[in-house]
**Q** 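Quick one: this structure, given as structure tokens, is what I'll be asking you about.
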Amino acid sequence: MKKQTTGIHHITAIVGHPQENIDFYAGILGLRLVKQTVNFDDPGTYHLYFGDEGGKPGTIITFFPWADAYKGRIGDGQVGVTTYIVPVGALDFWKTRLTKFNIAYKDATRFGEAFIQFDDPHGLHLEIVERESSEKNSWSFGGVTKDVAIKGFGGAILYSSKPKETATTLTDVMGLEMVAQEGDYTRFKATAEIGNIIDLKMTTDVRGTMGVGTVHHIAWRANDDKDHIEWQKYAISKGQHVTEVKDRNYFNAIYFRESGEILFEIATDPPGFTHDETAETMGSNLKLPAQYEQYRERLENKLIPIEVRPLD
């Protein structure tokens, strides 16, 4: 049996002050805050989720914001760059918008595509590329209209300590197809229309260290709970050291660290973000898993107050 993920489910990163995080991803990038909850392993810290209007898999970037945490270093063993896609013709809008908010960017070309590359306030490397796709984001916020809005992930650039072994994991375990090579990069493709392109850097550099401004893990999609259990067994059969299934309230998750030291997660598409609040109210209130509900008052007093606000 050979399995094949359709693409990226979500990407999770470590950042600094939560209000700075919200101001950038909602206020500047125009993404929707689809869920505010807590880190299940550190409930005194937020876990914030941003995505398209519906919070679909393939659009979700999530953050653990620690206001006073130490700075990390982007390097081997991590997602080096997170890629977003926008509609064809929208790149000039994004150049103008980044300039308006004094965010430096540079132009880059890879595999015949034009990218703009920039950093978020805490040092995460991001890029935007135009691609044709039937996926649309109907969310508008703070001057980012539907016709130019970020659709979701284009994919990511992976930095591996053992690129050839990571390439094998991408094809033989995750089921991506190797489609091109150019310079230092090999490109892999999954079947979804978003979150489907992975560019693997085939040269190594300094080893990454975890901290503010780094990606914690990349999560791949499983169709449902049955498919998820099949993935767990399949990855183990491929020699991966896979965790037990963890209930993350909005999806179930398993984890393994592939040979190039990048932490992979496989997450279920369901149940999604509307099982504890409506589609209209997603992200507007702090939602707690059942085990922490009894501590709500204590946690609310500890967490830094946040708000989603348009920026001038």
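For the single chain, residues carry numbers from 1 onward in sequence order.
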**Q** Are the side chain of Glu277 and the backbone of Gly283 linked by a donor-acceptor contact shorter than 3.5 Å?
**A**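 Yes, because the side chain of Glu277 sits within donor-acceptor range (under 3.5 Å) of the backbone of Gly283.
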
**Q** Assess, by modelled atom type and distance only, whether the side chains of Gln19 and Asp23 contain a donor and an acceptor separated by less than 3.5 Å.
**A**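 Note: Gln19 and Asp23 side chains meet the donor-acceptor criterion.
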
**Q** Quick one: does any side-chain atom of Arg296 pair with a main-chain N or O of Leu286 as donor and acceptor, under 3.5 Å?
**A**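 Yes, the answer is positive, given that a donor and an acceptor are paired below the 3.5 Å cut-off.
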
**Q** Indicate yes or no: does Glu244 engage Lys246 in a salt bridge with an N to O separation below 4.0 Å.
**A**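 Between Lys246 and Glu244 there is a salt bridge, with a charged N closer than 4.0 Å to a carboxylate O.
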
**Q** Check whether more than 12 heavy atoms from other residues, nucleotides or ligands sit under 6.0 Å from atom NZ of Lys95, and answer yes or no.
**A**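 Counting neighbours around NZ of Lys95, more than 12 heavy atoms of other residues, nucleotides or ligands fall under 6.0 Å, so yes.
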
**Q** Just how far is it from atom CD1 of Ile128 to atom CD1 of Ile85, taken to the nearest 0.5 Å?
**A**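 Output value for this atom pair is 11.0 Å.
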
**Q** Is it the case that Thr62 and His47 place a side-chain donor and acceptor less than 3.5 Å from each other?
**A**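 Yes, His47 and Thr62 have a side-chain donor paired with an acceptor closer than 3.5 Å.
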
**Q** Under the side-chain contact (heavy atoms from CB on, under 4.5 Å) criterion, do Asp225 and Thr268 qualify, and how do the steps go?
**A** CA-CA 6 Å; Asp225 290 342; Thr268 56; 3.6 Å; yes

**Q** Taking C-beta and beyond as the side chain, do Ile11 and Ile60 meet within less than 4.5 Å on heavy atoms?
**A**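 When only atoms from C-beta onward are counted, Ile60 and Ile11 do not touch, as no gap falls below 4.5 Å.
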
**Q** Only one of Tyr49, Phe251, Phe50 passes ring pair (Phe, Tyr, Trp, His ring centres under 6.0 Å) with His10; say which it is.
**A**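 Only one option passes, and that is Phe251.
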
**Q** Between Lys56 and Asp269, is there a salt bridge with N-O shorter than 4.0 Å?
**A**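 No, Asp269 and Lys56 are not salt-bridged.
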
**Q** Using atom types as modelled and distance alone, determine if a side-chain donor or acceptor of Arg257 lies under 3.5 Å from a backbone N or O of Glu261.
**A**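 Yes, because the side chain of Arg257 sits within donor-acceptor range (under 3.5 Å) of the backbone of Glu261.
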
**Q** Would you call Tyr255 and Leu263 a side-chain contact if the rule is heavy atoms closer than 4.5 Å?
**A**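 Counting from C-beta outward, Tyr255 and Leu263 do come under 4.5 Å.
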
**Q** Quick one: closest heavy-atom pair of Gly123 and Lys71, and the distance?
**A**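 So the minimum-distance heavy-atom pair works out to CA-NZ, 3.5 Å.
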
**Q** Please report the interatomic distance CZ(Phe118) to CD1(Ile116), rounded to the nearest 0.5 Å.
**A**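 The distance works out to 6.0 Å.
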
**Q** Would you check if Glu130 and Val86 make a side-chain contact, meaning some heavy-atom pair closer than 4.5 Å?
**A**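 Yes, side chains in contact.
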
**Q** What heavy-atom pair brings Asp52 and Val34 nearest, and what distance separates the two atoms?
**A**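 Closest pair (atom of Asp52, atom of Val34, distance): O-CG1, 3.5 Å.
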
**Q** To the nearest 0.5 Å, tell me how far Glu113 CD sits from Ile197 CD1.
**A**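 Rounded to the nearest 0.5 Å, the CD-CD1 separation comes out at 7.0 Å.
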
**Q** Do Phe115 and Leu91 come within less than 4.5 Å of each other through their side chains, counting heavy atoms only?
**A**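 No, their side chains stay 4.5 Å or more apart.
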
**Q** How many angstroms lie between atom CG of Leu31 and atom CD of Glu53, to the nearest 0.5 angstrom?
**A**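 Leu31 atom CG to Glu53 atom CD measures 12.5 Å (nearest 0.5 Å).
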
**Q** Between Lys201 and Thr203, do the side chains contain a donor N or O and an acceptor N or O under 3.5 Å apart?
**A**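 The criterion, which ignores hydrogens and geometry beyond distance, is satisfied for Lys201 and Thr203.
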
**Q** Closer than 4.0 angstrom, basic N to acidic O: yes or no for Lys151 and Glu132?
**A**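 Looking at Lys151 and Glu132, the cut-off is not met.
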
**Q** Give me the atom names and distance for the closest heavy-atom approach of Asn249 to Pro289.
**A**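 What the structure gives for the nearest pair is ND2-CA, 4.0 Å.
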
**Q** Between the side chains of Tyr250 and Asp276, does any donor sit under 3.5 Å from an acceptor?
**A**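 Yes, Asp276 and Tyr250 have a side-chain donor paired with an acceptor closer than 3.5 Å.
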
**Q** Flag this pair as yes if the NZ/CZ of Lys3 is under 6.0 angstrom from the six-membered ring centre of Trp231 and inside a 45 degree cone about the axis; otherwise no.
**A**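 Cation-pi check for Lys3 and Trp231: passes.
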
**Q** Regarding Thr169 and Thr166, do their side chains bring together a donor and an acceptor under 3.5 Å, going by distance alone?
**A**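 No, Thr166 and Thr169 have no side-chain donor paired with an acceptor closer than 3.5 Å.
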
**Q** Can you tell if the side chain of His122 reaches within under 4.5 Å of the side chain of Phe63, non-hydrogen atoms only?
**A**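 Not in contact.
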
**Q** Tell me whether Asp76 contacts the main-chain N or O of Asp205 through its side chain, where contact means a donor paired with an acceptor under 3.5 Å.
**A**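 Such a contact is found between Asp76 side chain and Asp205 backbone.
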
**Q** Between Glu182 and Phe111 (side chain of the first, backbone of the second, donor and acceptor by atom type, cut-off under 3.5 Å), is there such a pair?
**A**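 Answer holds: yes.
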
**Q** Does some side-chain heavy atom of Leu126 sit less than 4.5 Å from a side-chain heavy atom of Tyr25?
**A**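 Yes, close enough: below the 4.5 Å cut-off.
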
**Q** Is it the case that the side chains of Glu193 and Ser134 hold a donor-acceptor pair, with the cut-off being a distance below 3.5 Å and no angle test?
**A**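 Indeed, the side chains of Ser134 and Glu193 share at least one donor-acceptor pair under 3.5 Å.
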
**Q** Do the ring planes of Phe264 and Phe256 sit parallel (below 30°), tilted (30 to 60°) or perpendicular (above 60°)?
**A**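 Ring orientation of Phe264 relative to Phe256: perpendicular.
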
**Q** So, does Thr109 use its side chain to make a donor-acceptor pair with the main chain of Ala114 at under 3.5 Å?
**A**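 Between the backbone of Ala114 and the side chain of Thr109 there is no qualifying donor-acceptor contact (under 3.5 Å).
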
**Q** Any idea how Trp66 and Phe64 line up, ring-wise: parallel (<30°), tilted (30 to 60°), or perpendicular (>60°)?
**A**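 Trp66 and Phe64: tilted rings.
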
**Q** Indicate yes or no for a side-chain donor-acceptor contact from His9 to the backbone of Ile266 under 3.5 Å, with no hydrogens or angles considered.
**A**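 Not at all, since once roles are kept as given, no pair shorter than 3.5 Å links the two residues.
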
**Q** Taking it one step at a time, do Gln36 and Ile306 satisfy side-chain contact (heavy atoms from CB on, under 4.5 Å)?
**A** CA-CA 10 Å; Gln36 51 171 305; Ile306 55 174; 3.7 Å; yes

**Q** Run the side-chain hydrogen bond (donor to acceptor under 3.5 Å, both in side chains) check on His228 and Asn252 step by step: do they pass?
**A** CA-CA 8 Å; His228 199 232; Asn252 285 337; 5.2 Å; no

**Q** Are any of the side-chain heavy atoms of His17 and Ile304 separated by less than 4.5 Å?
**A**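 With C-beta onward as the side chain, the pair touches.
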
**Q** Are any non-hydrogen side-chain atoms of Phe153 and Thr82 less than 4.5 angstrom apart?
**A**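 The answer is yes; the side chains approach within 4.5 Å.
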
**Q** Look only at the side chain of Thr59 and the backbone of Gly55, and say whether a donor-acceptor pair between them is shorter than 3.5 Å.
**A**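 It does not hold such a pair.
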
**Q** Would you say Arg221's side chain and Ala267's backbone share a donor-acceptor pair under 3.5 angstrom?
**A**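 Looks like no, no N/O pair under 3.5 Å.
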
**Q** Checking Arg131 side chain against Gly154 main chain: does a donor-acceptor pair fall under 3.5 Å?
**A**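 Checked: pair present.
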
